[in-house]
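Reading through the structure tokens given below for one structure.
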Amino acid sequence: MNQLDAAFVVLALTLAAALAVRRASAPAPVLLAIIGVVAGVVWHLIPGLPPLIVPPERVLFVFLPPLLATAAYSLPLGAFRRDLLAIGTLAVGLVLVTMAVTALVAHEAAGLSWAAAFALGAIVAPPDPVAASAVAERTGLSHRLVVILEGEGLVNDAVAIVAYTVALDAVTLGDFTWKGALLETARSVPTGLLLGWAIGRAVAALRRRMDDVPIEVAITLFVPYLTWLIAERTGASGVLAVVMLGIMLRRHEPVTSSAVARIAAHTVWGAVRFASTALVFVLLGLLGGEVATAGFSWPLVRAGLYVTLAVIVIRLVWMHTVPHALRAIGLEEHFPVPTRGELTVLGWAGMRGVVSLALALAVPALGLVDPGDSRRTIIFLTIAVIVGTLMVQGMTLLPLVRRLGVGDPEREARDEERVRARALRAALAALDRLARTDRAAAEHCDVLAARIREGTLGVASVGALGSRREDERPLRAALDAQRRVVQRMRDAGHIGDGLATRLETEIDADEMALRGETARLTDVAGG
């Protein structure tokens, strides 16, 4: 079996594992990692199977752009700005403290050099919000906590990758200086944000002039990789560039794309995100099982346990001390401290995952400067932390949320009822305004208003309203009013991204029915 055959086996295993965990009660990333670990051990023990080889220089480029773009796309900006202080203390302060503490533990327990230990600290410092978000969706965790977790997971990636790059330069080049690191950071951060903003504006202008759904969807898939590549070539922050790109794409989407393009893009990106997450967690397990079997030693296992305990404990201590300290110095208005139960949940939702694995696999061979097999040690300890936090925290987060009573499983149903009621009122108000200003459309406004009062979200056939172009205006006004309500509530963090996307898809489907484009979507799906 060659590497190509092995790649197809991994893909087949990923698809099988994804199907197996769809209906499971435990978080999907946790189960995917467990399946991968078992498969990795079996893989290593079967004679004739080649070792899994993942090119380090391709890992970040393959996995991070789509995951970062989709995470930024779904981030509610209004709620993010409201909780920016809380997110900043976690994404910057906690990441740096975790990096320092982990480096100390790894240096003492695993014998890594200080530079390699700091590289490991940067790798395992950022928590992955994927598993935490999966649990939050089922437990009804408050929107504010979900926004904090997702915002932290987005921003801390940039902080950790900058620190990781600095630490690797210290290992491989041996000429690290704090002045040079600070200057590089001061240059890469703003240029990354500016690059993402510029590309986002250019893509928005291009899509505004297009009416070709397959090409529009292809552009949204291609642009995150292009943005990352340009950022890397120009010395800008690739993470921040892609994050800003995702924010710009979300901001301009309502006015740059048609309903057909939005539904097609959401479908394609949902599949890409799920497939990428499934693949990376299965790959994580496979590598973990193989590394653990090939390089098993009790001192290394003990070091992995110490590092895992360090990242768990430092987060819990931070959560129960720093927020109260900020409140004590007069920042309560900008940083309302959650309850003790909510702080405990935030502290326990620190599972590591995709970014940590990608960074560990991207570590080059360090034997030229750093004595010993530091790369293998870093990968082993990283996988130990990821698997350990997924197994311990991932499997117990849901019971913890229920025991502490900080979740509300019925919250999404109430949110949906509230946003539908607001959207209905907004649609009726828009129709009323249109009827008063345009007498020609008044009759159609009355017909549509009657349908909306019956409980539908603007669902009306073209035949019921007529076929003249001006007859589209009443329904379009109602749909636009509903869409604005959903977007405002989502942006303010009052509803989750999943519910908002579902409601926006309903509105887009109504718009497609108005324009007779249902068949067009079928044509797109069929190629």
Side-chain angles (χ1 to χ4, degrees), residues 27 30 79-80 82-105 121-122 124-136 139-160 163 306-353 355-356 385-386 388-408 493:
V30 179
F80 178 80
R82 181 189 63 209
D83 291 313
L84 187 58
L85 180 58
I87 293 171
T89 58
L90 296 174
V92 180
L94 180 55
V95 163
L96 296 178
V97 171
T98 302
M99 183 178 69
V101 173
T102 303
L104 176 62
V105 173
V124 301
D128 190 328
V130 173
S133 297
V135 173
T139 60
L141 208 60
S142 72
H143 292 301
R144 181 163 180 261
L145 295 188
V146 174
V147 169
I148 290 175
L149 285 173
E150 293 178 345
E152 175 199 5
L154 196 60
V155 178
N156 65 15
D157 292 343
V159 176
Y306 290 154
V307 173
T308 303
L309 287 174
V311 300
I312 292 176
V313 171
I314 192 63
R315 184 177 177 88
L316 286 171
V317 172
W318 179 281
M319 286 299 178
H320 286 283
T321 55
V322 173
H324 296 290
L326 293 174
R327 181 177 182 177
I329 61 176
L331 294 177
E332 181 178 4
E333 179 181 352
H334 303 286
F335 186 61
V337 178
T339 65
R340 179 171 297 182
E342 290 175 331
L343 288 172
T344 301
V345 170
L346 285 175
W348 200 245
M351 292 81 78
R352 272 58 178 177
V355 173
S356 294
V385 171
I386 297 173
T389 54
L390 283 175
M391 299 294 187
V392 177
Q393 295 176 300
M395 296 297 289
T396 58
L397 183 58
L398 180 56
L400 178 66
V401 169
R402 291 172 176 169
R403 182 173 182 80
L404 294 177
V406 298
D408 181 6

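Side chains are part of it too, since the values below use all heavy atoms of this structure and drop only hydrogens, waters and symmetry mates.
Here the CG-OG1 distance, from L84 to T89, works out to 9.5 Å after rounding to the nearest 0.5 Å. Note that the CD1 atom of I314 and the CG atom of L94 stand 7.5 Å from one another [nearest 0.5 Å]. The CZ atom of R352 lies 9.5 Å from the CD1 atom of I386; values are rounded to the nearest 0.5 Å. Taken to the nearest 0.5 Å, the CG atom of L346 stands 5.0 Å off from the CG atom of L145. Rounded to the nearest 0.5 Å, atoms CG (L90) and CE (M319) are 4.0 Å apart. Within the model, atoms CG of L397 and CE of M351 stand 5.0 Å from one another, a figure rounded to the nearest 0.5 Å.
Heavy-atom minimum distance, P127 versus N156: CD-ND2, 3.2 Å. Pairing each heavy atom of A310 with each of V101, the nearest pair is CB-CG1, 4.4 Å. When all heavy atoms are compared, the tightest approach of G347 to L316 is C-CD2, 3.7 Å. The minimum heavy-atom distance between V307 and T102, with the atom names listed, is CG1-CG2, 3.7 Å. Between T308 and V311, the shortest heavy-atom distance links the atoms O-CG2, 3.1 Å. Considering every non-hydrogen atom in both G93 and W318, the closest pair reads C-CH2, 3.5 Å.
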- Message: Does R144 form a side chain to side chain contact (heavy atoms under 4.5 Å, CB included) with D83? I'd like the steps, not just the answer.
- Response: CA-CA 8 Å; R144 181 163 180 261; D83 291 313; 3.0 Å; yes

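Side-chain contact between P323 and L343: present, with at least one pair of heavy atoms (C-beta onward) separated by less than 4.5 Å.
In summary, of the residues considered (V401, T389, L404, L400), a side chain to side chain contact (heavy atoms under 4.5 Å, CB included) with W348 occurs for L400 alone.
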